[in-house]
Amino acid sequence: MSEPTVDEAPEALIGRRLGHYLVLDSVGGGAMGHVFRARDVVIGRTVALKVHKAKRGEKGLERFLQESRATRALTHPGIAVVHDAGQSGG
């Protein structure tokens with residue numbers, strides 16, 4: 001049986017680990033993915049975790065990573081800080 005994806009059932013990811021993040025609850029979703037409140041179990045920090053929708057394909061993944069890099073380059077109190085970007089479970 002395969003792992004649930006954010007495409008199929010975002011609520012099924014609650015309580016699971018994605019890399020070193022423990023998904024705590026759902027914040028909301030959109031066209032590119034879903035945002036969860038999560039806990040970085042390595043350093044004990046609560047974070048917003050944006051999970052990319054797999055159905056958007058490789059082009060969507062590159063856009064997601066490009067968005068992460070662009071956001072990381074910005075510094076402003078009204079913009080979230082990007083701490084990490086990567087893949088978990090393909």
Side-chain angles (χ1 to χ4, degrees):
M1 184 173 186
S2 64
E3 291 291 314
T5 67
V6 70
D7 300 333
E8 298 162 357
E11 64 280 355
L13 295 177
I14 296 171
R16 294 184 179 265
R17 280 194 49 180
L18 299 176
H20 57 97
Y21 300 100
L22 174 63
V23 179
L24 302 174
D25 55 34
S26 172
V27 174
M32 267 187 92
H34 200 88
V35 178
F36 298 92
R37 187 171 64 90
R39 187 92 179 142
D40 182 330
V41 298
V42 174
I43 61 174
R45 169 178 48 202
T46 300
V47 299
L49 179 67
K50 186 174 183 181
V51 179
H52 170 71
K53 286 187 176 180
K55 288 182 181 175
R56 300 209 33 111
E58 198 61 37
K59 197 172 196 174
L61 175 60
E62 184 51 42
R63 183 174 169 195
F64 183 80
L65 294 173
Q66 182 180 21
E67 174 189 299
S68 298
R69 288 188 292 269
T71 304
R72 180 69 181 121
L74 302 173
T75 305
H76 185 276
I79 299 174
V81 176
V82 174
H83 296 286
D84 192 9
Q87 282 186 287
S88 177

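Side-chain contact check for V81 versus R72: some heavy-atom pair is nearer than 4.5 Å. Counting heavy atoms from C-beta outward, L18 and F36 have side chains that stay 4.5 Å or more apart. Taking the side chain as every heavy atom from C-beta outward, H83 and D40 never approach each other to under 4.5 Å.
Paired with R39 under the rule side-chain contact (heavy atoms from CB on, under 4.5 Å), one option of T46, V47, V23 passes, and it is T46.
In this structure, CD in E62 is found 5.0 Å from CZ in R69, a value given to the nearest 0.5 Å. Remark: L13 CG to L24 CG distance equals 12.5 Å, nearest 0.5 Å. How far OH of Y21 is from CZ of R37: 15.0 Å, rounded to the nearest 0.5 Å. Taken to the nearest 0.5 Å, the CD atom of Q66 stands 10.0 Å off from the OG1 atom of T71.
Here the shortest heavy-atom pairing between L65 and G86 reads CD2-N, 4.5 Å. For the pair S26 and H34, the tightest heavy-atom approach, listed with the atom from each and the gap, is OG-NE2, 2.7 Å. Listed here is the closest heavy atom pair of A48 and V35: CB-CG1, 4.2 Å.
Remark: T75 pairs with no residue by the side chain to side chain contact (heavy atoms under 4.5 Å, CB included) rule, at least two apart or across chains.
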